[in-house]
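Reading through the structure tokens given below for one structure.
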Amino acid sequence: MQLPVLLCACIRRANVPAPPALGAAPLRRLDPSATARQVADVLKTDGAVVLERYRSSEAVAAALQELEAGRMEGSSVRMGASTQLWKWPLDAEKEPNTKALESDKLIMDVAEELRQVHGLGSDSCIGNEVRLLILAPGTPAGDLHRDVVDTTDVPLERPLQWGLNAIWAADDFTEENGATRFVVGSHSGQLPQGSWKGDHLEAEPLAQVASMPAGSVVLYYASTLHGSSESRVETSRTGINFNYAFVDAAGGRPHGWGW
């Protein structure tokens, strides 16, 4: 099953904290001892958060090895030249290390916290896709973009988010090797989100680099503006990208979420 990426026209749950002004707050970083509530609270207001050294670099490297050597080999490129491979579902026997990252308890608990706020009409949060993000040496900075689009007028009358995304650092993510950058607060339902690329001319200088050592993970809403930095090194950098989606009891879109 593949879920649609365009969701709109649904009633938004109340009590969503107001985000900061676009790019006004720093990209926050939490240590591995953070609770699901603490992580979720940052996501609600900021749209992105980094968990530094959340797992060992070896654990992420083991997952990467499974994906490079397994059934993903030869898969089609999707959504840009740097997204080399993708597939779903995972094979728990052949890809146990990848499955461990995907089903991480803290991340799933965070997703459930967010579903209670944003996922009106949903029943659960499930893994939806996994991709390898391989940025080649010398790649220019990617356009700031959202992974979902909502064409309704602001304030957006929908569940503010459809799910959660995670990028695990298989290599150290640095400003020099093209670490992903994010615009804090750009997930706000008070901002227009009617195109795949950034709608705000002022967004580019406000983007902040999610530099992080291998084993770290950055969590973010799909509607948060983000894009890779320019690679100024002679080696590639790789991340493992998981997408999670709020679904109804049958595993599909909740009634009324539209396309």
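- Residues N177 and D171 have side chains that never bring a donor and an acceptor to within less than 3.5 angstrom of each other.
- Side-chain N or O atoms of T98 include one that pairs as donor or acceptor with a backbone N or O of A63 at under 3.5 Å.
- The side chain to side chain contact (heavy atoms under 4.5 Å, CB included) check on A111 picks up C125, L164, with sequence neighbours excluded.
- In this structure, the side chains of S122 and D248 stay at 4.5 Å or more apart for every pair of heavy atoms.
- Of the N and O atoms on the side chains of R53 and S216, not one donor lies less than 3.5 Å from an acceptor on the other residue.
- In the hydrophobic clustering of ILVMFWY residues, with side-chain heavy atoms under 4.5 Å counting as a link, V110 and M108 come out together.
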Given E230 and T139, is the side-chain contact (heavy atoms from CB on, under 4.5 Å) satisfied, shown in steps?
CA-CA 6 Å; E230 176 188 5; T139 302; over 6 Å; no

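- Side chain of Q208 to main chain of A25: a donor-acceptor pair is present (N/O by atom type, distance under 3.5 Å, no hydrogens or angles).
- The main-chain N or O of N97 is found under 3.5 Å from a side-chain atom of E66 such that the two form a donor-acceptor pair.
- Inter-residue side-chain proximity for V183 and L144 is flagged as met; some heavy-atom pair is nearer than 4.5 Å.
- Remark: side-chain polar atoms of D104 are paired, donor with acceptor, to backbone N or O of L106 under 3.5 angstrom.
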Please evaluate residues D123 and V247 with respect to the criterion side-chain contact (heavy atoms from CB on, under 4.5 Å), reporting the C-alpha separation (whole Å), side-chain torsions for both, the decisive distance (0.1 Å), and the verdict.
CA-CA 6 Å; D123 181 75; V247 297; 5.8 Å; no

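- Residue Y220 is tested with D147, T180, V184, V49 for a side chain to side chain contact (heavy atoms under 4.5 Å, CB included); the sole match is D147.
- Looking at R181, its side chain does come within 3.5 Å of a backbone N or O of G142 through a donor-acceptor pair.
- Considering all non-hydrogen atoms of both residues, S229 and A179 come closest at OG-O, 2.6 Å.
- Nearest heavy-atom pair across A169 and M212 is CB-CE, 4.0 Å.
- Atoms OG and CG, on S223 and N165 in that order, are 9.5 Å from each other to the nearest 0.5 Å.
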For L67 and I240: C-alpha separation, side-chain torsions, deciding distance, then whether side-chain contact (heavy atoms from CB on, under 4.5 Å) applies.
CA-CA 9 Å; L67 295 175; I240 303 176; 4.1 Å; yes

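- Minimum heavy-atom separation, A166 to Y244: CB-CE1, 4.3 Å.
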Evaluate salt bridge (Lys or Arg N to Asp or Glu O under 4.0 Å) for R37 paired with E113, printing each intermediate quantity in order.
CA-CA 7 Å; R37 176 64 59 83; E113 289 265 357; 2.9 Å; yes

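- Separation of atoms CG (N241) and CH2 (W168) is listed at 12.5 Å; rounding is to 0.5 Å.
- With sequence neighbours left out, S228 forms a side chain to side chain contact (heavy atoms under 4.5 Å, CB included) with L135, R237.
- For S57, the side chain to side chain contact (heavy atoms under 4.5 Å, CB included) criterion is met by A214, not counting sequence neighbours.
- For the residue pair H226 and T224, the shortest heavy atom distance occurs at ND1-O, 2.8 Å.
- Donor-acceptor pairing under 3.5 Å is lacking for the side chains of N128 and N243.
- Looking only at side-chain heavy atoms (C-beta outward), I107 and L219 come within less than 4.5 Å of each other.
- A donor-acceptor pair under 3.5 Å is absent between the side-chain atoms of E95 and the main chain of A92, judged by distance alone.
- With a 4.5 Å cut-off on side-chain heavy atoms, V130 and E102 do not count as touching.
- Both L114 and L30 sit in one connected hydrophobic cluster of ILVMFWY residues. Membership requires side-chain heavy atoms under 4.5 Å apart, directly or through other members.
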Starting from the C-alpha separation in whole Å, work towards a yes-or-no answer on side-chain contact (heavy atoms from CB on, under 4.5 Å) for V39 and L43.
CA-CA 6 Å; V39 176; L43 280 165; 4.2 Å; yes

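- Taking the six-membered ring wherever Trp is involved, the centroid distance between the rings of Y221 and H118 falls below 6.0 Å.
- In this structure, S103 OG and I126 CD1 are separated by 13.5 Å, a value rounded to the nearest 0.5 Å.
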Run D31 and Y54 through side-chain hydrogen bond (donor to acceptor under 3.5 Å, both in side chains) and show every step you take.
CA-CA 7 Å; D31 62 42; Y54 180 60; over 6 Å; no

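- No side-chain heavy atom of I167 sits under 4.5 Å from any side-chain heavy atom of F242.
- Put simply, CZ on R28 and OG1 on T45 are 4.5 Å apart, with the number rounded to the nearest 0.5 Å.
- Between L225 and R146, the closest side-chain pair of non-hydrogen atoms falls below 4.5 Å.
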